[in-house]
Each structure stands twice: as C-alpha cells, then as structure tokens.
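Protein chains get the first letters and strands the later ones, always in sequence-line order, with residue 1 at the start of each.
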There are 2 protein chains.
Amino acid sequence: MTYCVAIATDDGLVFCSDSRTNAGPDVLSSYSKMHVYNLDKDRMVVVLSAGNLATTQAVISHLDNDLELEDGDSLHSCKKMTDVAKYVARVSREQQEQAKDSTGNAEINTSATFIVGGQIRGCDPAIYLIYSAGNYISVSDETSYLQIGESKYGKPILDRILGPGTGLEDAARCALVSMDSTIAANATVGPPIEVLVYENDTFESDHYIKLAAEDSYLLSLRRSWSEVIQSAFRELPQFEWEKRSAPVLQAITD
Amino acid sequence: MTYCVAIATDDGLVFCSDSRTNAGPDVLSSYSKMHVYNLDKDRMVVVLSAGNLATTQAVISHLDNDLELEDGDSLHSCKKMTDVAKYVARVSREQQEQAKDSTGNAEINTSATFIVGGQIRGCDPAIYLIYSAGNYISVSDETSYLQIGESKYGKPILDRILGPGTGLEDAARCALVSMDSTIAANATVGPPIEVLVYENDTFESDHYIKLAAEDSYLLSLRRSWSEVIQSAFRELPQFEWEKRSAPVLQAITD
C-alpha cells in the first residue's frame, strides 16, 4: 500500500509520501515514491506514485528515458503543468497496458496512480491527481489537497486544518500528522516519510526532509500532537447532564 | 453506509451511531441503528447494526419476537454478555442465509454486522463486534473500542484520545468527533446521531441523546473542535529551516 498527499496553498506546494511497498504482509520493502525533477532554473516537477511497483517503476523509468531524447514529449519539453499531467497520464496508461499484457492471465492488479505537481516559469504552480484510467483532476478553492493510496485515515485532519491561506510549513506539518495517522492505522504504509516544500516562483527547493521511523523530529511531532490534542479535548463543550451535576459547591455556599 | 462505534472505559460503555441508509446516492433515508433493550433492572443491552437494511431489520425483529416467547434463547434469557453475542450472531447468520436464499441470484449484498454491548447483573459490562460470518471479538487493554461500517475516517481520533482511563463523557465526545469526521468525509453516513452513555453497574441509562444535523450541541462541538485543533496546531515543533530564519531580531539587538 501507499499514502501520498500534495497540498496547494497561496504560498506554494507541499508533497509528502511514505516508502513502504508490500506484496503480502510478509513481503515488505522500502522504495521512495517521491521523484523530484529540478531540471533547470525554470521548472520544478515532483511526481508521487502509488500502485503496482513494477508499473510505477516502469513509468518513472520511461519519464527518465524521455529526458535523454532530443525529440518528443518529456518533462523538459512540456510547456505547462497541464501538459505534464497529460504526458504522465499517457505514459502511465501505456505502461499499465504493457504490464497487463505481459502478466497475461495472472490476475495481478497492475494499475497505478500518480500525483504530479510543480511549476514551470511563466505559469502558476499546480498539482494534479492522475487516475489509473489516465484522466486527471486538480485542486479547487474548496479542496486544496490531493491524495493517492490509503487516503481515508489521513483525510479528516486535512479537512479541518487546510485552507488556501494555510502557511506552507503548517501545511507540511498537517501532511505529516495525516501521514502519521495513516501509518498508525495501516501496517502497509510506513516510513521513511519524505516531505518537500516548494515556495512559489523559486523553481527549486532545499526544504526537503526524509524522516526514518525513529527520526527525532517525527517522534517530537507525534508526541506534541498527542499532547496538544489531549489537552484540546478538555476544552470541548459539556453535555447537559454534566452541567446539571456541576454546581453542587455553589448550591452549598449560596 | 453506516458508522457505529462502541467504547469500553473503566467507568462504563459508550455507544454512538449514525442514521443514514442508502441504496444508491439518490435513495437516502433515515433509520435508527441503535436498539436499546433495558428489559428489567438487571440487564441493559444495546445493539448497533450495519449492513443490508432488510437483513438488520429482520434480525432486530427476530430479537424482539424472541422476547415474547416463553421458551428458547432471547436477550432476556442470556446469562452473560458472551451468551448475548453468541445468540445475536446465530440470529444474524440465520437471517443472512434466509435473505440470500430469498434474493436468489440478484447479486445483492445481504450481509450485516453488529455491535452488542451492555451488562447483566453479576457479570462485568462488555462489548462485542459480531462479523457477518457470525464470529465475534471483544476489546482489549490496548484497543478499547469497536467499529462497524465506514470505520477508517474516524479511527485516528479514537487511537489518539482513548485509553482505559478515559472519562465516560470524554469517550462520548471522542465518539462524536469521530462520527463528525466520518459524516464530513462520506455522504452516506449522516445524522441524526445517537449517543448512549452507560455507567457500570447502573443497569439503565438516561444519558441518551439524539442529535439532528443542526443540533446546537453538535454545531458547538464541531466549532469548538475546529478551533482547538487549529490552535493546537500552532504548538507543533518547527522544521529546522524555520528555526534558522527565526532569530533575525536577536542578531540585530545582540
């Protein structure tokens, strides 16, 4: 399984991915699902991948090979981020079809989904979710994030915290809490966790971290979140019957 | 769809259920999924239901009918809560088989799952999750809650807040936040929300509430939770690069 999330804020983009892959509960391994293409000073493209590992590797390998060709589509030749989405969608569909053909009747799920995001100079930054069928969607004013893989456990915190005005680092912490909740709930999603924060119009990022299971920042974030959420919980409104039982002391002193 | 959760704490039990049923996105209706049997001063049993509505109605109807018979198993004749679990599991399996037979080859999913919980005098309180196959599980020191239906969205908050020592009302608020997150994420889970809080060794409960969509307590809980979680979020540890950019003022004044 996999969990990846990308967030678009007014200030930039956040990408976050886990690294666990599995083919059954006892065939676990670690592969990065974040592929960063900072090809020149005019474009920054990040691809997050989920699904069949052989298929996603074939897609990424195809993207890499296309970069070495002088002609034809590549992450370098795309003029806009929508072109990038369209191009990655086409490569994904082709590779999924090849994988289906080559595995014959083995009834293996060879599908893959991707998030692509980034910015090309002259255009606004953007993120897209590319479905396995090859169609794709972007974000909106109401929904500022996209998820692939095991998306349910980590969704509520995104809905409660994120908005277009959320600060970039807060969005990154929100992605990490969302990831941490997912890792706690699904054994096939796991560290290292990769986070990349992209600030609009910079066309590069040195705000990238890779957090192992026992990384001190990750442990500190997890501990802090548990503490603040426990204490926040005590501020929630009481039920009617709790209020009824409260003013005993007052009744005595009145 | 459905979402129900039951929680066991040191002090008692909490039951929470939504009321939305659907057969397709445009066939929505409301049915209570919380069935309370407070038969006499020696036993309190709550049944939460999920799955095919015809099947769950048939099961509940069967439980009700059995109560009117003088002989045979019923919620009244069971000696322990494990007997209740075993009995409801048997009725569920029978009704699922009948539903499967009567719907023939219509390829309708007629399965159902249940949570049963409560207390019978002389025994400890208990909750059980009865799978559609008829087997069942209870809670443990590490896992103090059971869920049926759409369980993923609401799981992280349960994991972060609940422990054996959690107060009963806090557990009920936790169930409500978990329910609220699920309702926000899945359109086929919806209000009214029912909550019942059972205090150990009381064999009754007047701490039952039914919250409509616009209920003032529900709206106030949702608003409070959003506020406290947003403010809690600002207390999370900073990334390394934020720390680097922070002490500008200090450098000037030193």
Side-chain angles (χ1 to χ4, degrees), chain A residues 150-163 166-174 176-178 180-186 195 197 205-209 211 216-242 244-245, chain B residues 150-163 166-174 176-178 180-186 195 197 205-209 211 216-242 244-245:
Chain A
E150 176 62 276
S151 60
K152 290 189 178 186
Y153 299 109
K155 188 174 186 297
I157 186 69
L158 302 174
D159 286 331
R160 300 215 194 247
I161 297 292
L162 295 177
T166 307
L168 260 181
E169 277 74 21
D170 278 344
R173 275 184 280 272
C174 187
L176 272 172
V177 172
S178 172
D180 193 47
S181 296
T182 308
I183 287 174
N186 187 326
V195 181
V197 177
S205 170
D206 59 352
H207 294 170
Y208 164 85
I209 49 174
L211 307 173
S216 62
Y217 180 77
L218 183 62
L219 295 181
S220 135
L221 184 84
R222 184 178 300 155
R223 198 170 43 240
S224 290
W225 182 241
S226 284
E227 283 168 12
V228 295
I229 214 174
Q230 289 272 358
S231 101
F233 212 78
R234 290 191 286 272
E235 296 174 40
L236 293 183
Q238 291 195 309
F239 293 109
E240 271 303 317
W241 66 81
E242 292 177 279
R244 281 201 305 274
S245 60
Chain B
E150 176 62 276
S151 60
K152 290 188 177 186
Y153 299 110
K155 188 175 186 295
I157 186 69
L158 302 174
D159 286 331
R160 298 212 196 251
I161 297 293
L162 296 177
T166 306
L168 259 181
E169 276 74 20
D170 278 344
R173 276 183 280 271
C174 188
L176 272 173
V177 172
S178 172
D180 193 48
S181 296
T182 308
I183 287 174
N186 188 325
V195 182
V197 177
S205 170
D206 59 353
H207 294 170
Y208 163 85
I209 47 174
L211 307 173
S216 62
Y217 180 77
L218 184 61
L219 295 181
S220 136
L221 185 84
R222 184 179 298 154
R223 197 172 43 241
S224 290
W225 182 241
S226 285
E227 283 169 12
V228 295
I229 214 175
Q230 288 273 358
S231 100
F233 212 78
R234 291 192 285 271
E235 295 174 40
L236 294 182
Q238 292 195 307
F239 293 110
E240 271 302 316
W241 66 81
E242 292 176 279
R244 281 202 305 273
S245 59

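- Residue A:Leu211 does not touch chain B at all, counting heavy-atom pairs closer than 4.5 Å.
- Put simply, of B:Gly167, B:Pro156, B:Ser151, the one with the most heavy-atom pairs under 4.5 Å next to chain A is B:Pro156.
- Separation of atoms OG (A:Ser178) and CD1 (A:Ile183) is listed at 10.0 Å; rounding is to 0.5 Å.
- Of the residues considered (B:Gln230, B:Arg223, B:Lys155, B:Arg234), B:Gln230 shows the highest number of contacts with chain A, using heavy-atom pairs under 4.5 Å.
- The backbone N or O of A:Pro237 lies less than 3.5 Å from a partner atom in the side chain of B:Tyr217, making a donor-acceptor pair.
- Note: A:Ile161 leads A:Val228, A:Val177, A:Ile161 in heavy-atom pairs under 4.5 Å with chain B.
- Your options are A:Glu235, A:Glu150, A:Arg173, and the one with the most heavy-atom pairs under 4.5 Å with chain B is A:Arg173.
- The aromatic rings of A:Trp225 and B:Phe233 sit perpendicular to each other, their planes meeting at more than 60°, with 30° as the lower class boundary.
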CA sep, side-chain torsions, deciding dist, call: B:Cys174, B:Leu158, side chain to side chain contact (heavy atoms under 4.5 Å, CB included):
CA-CA 7 Å; B:Cys174 188; B:Leu158 302 174; 3.9 Å; yes

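- Looking at A:Asp180, both its backbone and its side chain come within 4.5 Å of chain B, counting heavy atoms on both sides.
- The backbone N or O of B:Ser220 lies less than 3.5 Å from a partner atom in the side chain of B:Ser224, making a donor-acceptor pair.
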